[in-house]
Amino acid sequence: MSTSHAEHDHGHGSGNGDHVPHVLPFKVYIGTFSTLLFLTVVTVGASYVDLGHMGNLIVALLIATIKASVVALIFMHLKWDHKFHAIIFVSALLFLAVFIGITMSDTQFRGEAEAIEAKNPVDLKDPFKAERAGDVAVPKAAAAPAAAGSAAPAAGSAAPAATPAKH
Amino acid sequence: MANTATVDELGHSPEVRGKNYLNQTAGVWSWLTTVDHKRIGIMYLVSVLVGFGLGGIFALLVRLELLTAKKTIMDASQYNQAFTLHGAAMVFLFIIPSIPASLGNFFLPLMIGAKDVAFPRLNLLSLYLYWIGAIFMLAAIVTGGVDTGWTFYVPYASGVSTTSVISATFGVFVMGFSSILTGLNFIVTLHKLRAPGMSWYRMPLFLWSLYATSIIQVLATPVLGITLLLLIFERAFHIGIFDPTLGGDPVLFQHFFWFYSHPAVYIMILPGMGVATEILATNSQRRVFGYKAIAFSSVAIALVSFLVWGHHMFVSGQSELSSAIFSFLTFFVAIPSGVKMFNWLGTLWGGSIRFTVPMLYGIAFLFLFGIGGLTGLFLGMLSVDLHLHDTYFVVAHFHYVMMGSTAIAFFGGLHHWWPKMTGKMYDEKLARVGFALTFIGFNWTFFTQFILGTRGMPRRYYNYLDQYQPLHAFSTYGSWVLGLGFLITFICLARSLKTGAPAPANPWDSATLEWQTQSPPITENFEKAPIVTLDAYERPAEETA
Amino acid sequence: MSAKAEALGGAEETKLSPQFHVAHHFDKADTQFDAGRMGVWLFLVTEILLFGGLFCAFAIFRSKYFPSFVEAHHHLDRVMGGINTIVLISSSFTMALAVRSAQKNEKKKTTLLLAITLACAAMFLVVKYFEYSHKIHDGLLPGGNFTAADFASGHPGIFFAIYFMMTGIHGVHVVIGMGLILWILLRNQKNEFSSRYYAPVENVGLYWHLVDLVWIYLFPLLYLVG
């Protein structure tokens with residue numbers, strides 16, 4: 001766009017601190033407009049092709065983002081504007097992404113712990129009841145005569161089903 | 001004030017002597033149509049103080065009701081309305097606009113050497129929107145009250161409650177715009193209107209905290225807007241987005257609400273931190289220790305605040321994955337907060353401390369924010385929160401942060417800048433009495449509630465078990481001392497308007513720019529546009545240190 | 001044309017936008033102009049996050065009730081949606097050109113372009129009116145008011161809740177935008193704008209482009225992929 005700069009960068013020596021506009025050539029606007037119309041046709045066309053659950057969504061969002069960028073950069077002059085204005089604009093999108101992203105970390109994974117708990121039910125009043133083999137280290141020598149009742153604490157972990165009767 | 005010289009010690013010519021923003025024009029209409037940021041700040045100040053009084057009355061009523069385990073002065077539904085209106089008035093009418101819109105509006109342009117904020121008319125519009133929103137909220141009180149809690153949780157607020165939820169939420173919606181416009185105005189003002197020589201790192205740290213606050217106001221408040229709009233439509237037309245019977249998700253409302261309201265906690269505390277920094281710097285009579293660390297920690301808090309909202313929802317039924325993520329991220333808030341704390345202590349260290357009235361508030365802020373902040377870590381811990389959630393521990397924690405830190409900083413700032421705003425000195429002795437009662441009463445009321453909470457007393461309960469009665473009664477007695485403390489403070493300040501001695505330009509010997517013009521300032525703030533040559537908090541004659 | 005404007009020197013230049021003075025608290029016109037634009041950009045941020053809440057709801061409920069969204073979106077008229085997309089893009093185009101002609105002191109052209117923009121906005125609302133009345137007639141209303149019976153999927157009401165909220169709030173923005181465009185059109189008739197001072201035209205333009213920008217996302221999400 002160097003030509004557009006040339007259009008206004010000279011010849012305004014008024015010196016009274018007036019604002020001098022930054023005028024873009026007409027063909028830039030026509031080009032932008034035709035790009036937007038073309039992409040509208042493309043996005044409608046793409047919707048007739050079945051790309052699956054996420055496929056169509058991604059394509060639609062991609063095209064929309066290109067269109068939005070064109071509007072922002074050229075119609076909204078962001079390309080020639082202060083960098084800070086672009087930072088403001090992008091930060092809005094960034095925070096929107098945080099908002100949607102973290103919220104979906106809830107909605108997409110809700111209730112998953114319940115399923116895990118259902119597989120391994122725990123009695124809250126007696127959490128150690130559900131001990132399984134290997135939870136407590138058992139000396140090999142002690143494990144063998146467990147049936148004789150000579151090693152009561154070890155027996156609890158080796159044969160959990162039998163322990164409640166003893167307590 | 002030397003009357004002999006043609007130009008006094010501040011460089012004011014005789015033409016402006018005796019003239020100020022208060023007496024420039026007269027009459028109610030000149031105030032209602034003013035675009036002077038100082039007058040708008042004063043009008044905001046009066047408005048938020050009225051909001052504070054309203055919220056305070058409801059607070060005293062709630063505490064009085066809780067004096068006994070059964071009915072004391074009101075029935076259960078009146079009690080629900082009282083705590084809702086206490087919360088809503090304190091949050092939306094008082095704390096959120098308190099420091100930024102009143103003290104910020106008044107001092108932000110003065111501190112950067114500007115004549116006004118960037119958009120003076122927008123500033124006035126912001127005040128009018130605040131008033132309109134407040135009217136809708138007050139209308140809700142008259143037309144049936146609100147009993148949802150200040151959080152307006154669905155499905156109760158969207159379907160079950162028979163009170164004026166729509167009026168109240170619409171009021172909050174309108175006030176949101178007021179908040180956005182103030183934030184937007186401040187950001188542009190700080191970018192565009194700093195006086196020559198006033199670089200970013202020469203700004204007083206109060207302005208950094210206001211800048212961070214404004215970022216949150218602009219980014220988070222619109223989400224509150226859409227949340228409340230959806231709630232209003234849900235209630236009026238059953239659109240179903242939050243209604244589980246129609247396939248909606250009530251927990252989604254909480255996400256929407258807290259995406260705003262958690263950052264809003266930092267809208268409340270960040271300006272308080274800024275005011276405390278000014279007070280500590282002035283009364284330690286030295287430059288702030290770790291200037292950049294404090295400045296950037298404000299911005300860091302603002303950014304991190306957007307990542308932790310779900311720690312309000314650990315028991316709401318949100319996914320365990322989110323709970324874990326939120327709990328983890330919550331601890332990052334502690335880092336910039338700790339950075340600030342240590343830098344404040346570093347500022348006091350080796351300073352030549354004067355215990356003026358504002359300084360008492362400043363030191364109280366450090367103490368109370370320490371307690372409020374650290375108990376926040378307990379609650380951010382997922383497993384601990386499951387035990388403490390919705391108990392008085394939470395109530396005590398956020399009162400230490402909102403009231404103990406922000407409101408104390410607000411009143412500290414009020415005492416600090418009162419001479420500049422009104423041109424009058426207040427009675428220091430009486431102000432000290434007011435402070436002492438406030439400080440004692442506050443800890444009396446709310447430290448008790450930490451104990452109540454750890455013993456399992458749930459918040460928002462009307463009746464409770466007899467075993468909690470002694471502590472509840474103790475807390476209620478504290479609230480009377482607290483109320484008395486504020487009453488004395490108000491009397492002290494109000495009396496100074498009539499009987500106070502005229503304030504010199506710089507009564508505290510402060511180094512920042514707002515003290516370099518007369519008290520109260522002229523409408524244009526400075527007779528000659530200032531050119532800044534000194535660093536932040538640097539005094540012209542530094543060699544005396 | 002701009003060269004002609006620039007050729008106007010000293011005394012004649014003051015005839016452009018004679019009512020305009022740099023506000024007392026700004027050091028120069030450029031600062032005032034930049035401040036205004038920064039303010040508008042910050043305002044646009046708030047608009048994005050306002051709509052953002054609805055985009056968030058769309059993302060969540062689409063993933064939860066995918067079949068409902070697919071079935072419901074077939075009841076939207078993509079021809080009408082497409083026409084409105086083109087109408088809105090055209091209005092954005094004429095708005096951008098209106099800013100350009102204001103920059104170049106072409107007052108009549110500015111008026112004409114603003115009038116076309118206004119007409120496009122009105123046409124957008126007319127099409128929207130026909131769409132809405134058709135939906136209401138078919139009982140395709142949000143949530144609790146949804147009465148259409150021939151749906152196989154479970155939660156089409158949620159789709160229409162989001163559809164009506166999104167397009168409704170967007171429509172309100174179009175109406176507000178029309179008011180703003182009318183306002184600058186009338187000011188332009190009073191010779192207020194020129195290369196010296198056209199900030200209101202540019203700032204209303206920025207707002208109007210954002211309204212277009214939101215629709216650029218709404219159209220494919222609601223009408224095309226569902």
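Letters go in sequence order (proteins before strands), and every chain restarts at 1. In what follows, every heavy atom counts, from backbone to side chain, and hydrogens, waters and symmetry copies are set aside.
Looking at Val218(B), there are no atoms closer than 4.5 Å to chain A (heavy atoms on both sides), in backbone or side chain.
Among the candidates Ile102(A), Ile88(A), Val98(A), the residue making the largest number of heavy-atom pairs closer than 4.5 Å to chain B is Ile102(A).
The CZ atom of Phe99(A) sits 11.0 Å away from atom CZ of Phe306(B), with the distance rounded to the nearest 0.5 Å.
Other residues, nucleotides and ligands contribute at most 12 non-hydrogen atoms within 6.0 Å of the CE atom of Met381(B).
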Polar pairs (donor with acceptor) under 3.5 Å from chain A to chain B:
residue	atom	partner	partner atom	Å
Ser105(A)	O	Ser319(B)	OG	2.9
Ser105(A)	O	Ser322(B)	OG	3.1
Ser105(A)	OG	Ser322(B)	OG	3.1
Asp106(A)	N	Ser322(B)	OG	3.0
Asp106(A)	OD1	Ser319(B)	N	2.8
Asp106(A)	OD2	His255(B)	NE2	2.5
Arg110(A)	NH1	Asp249(B)	OD1	3.1
Arg110(A)	NH1	Asp249(B)	OD2	3.0
Arg110(A)	NH2	Asp249(B)	OD2	2.8

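Within residues 30-43 of chain A, no residue has a heavy atom under 4.5 Å from a heavy atom of chain B.
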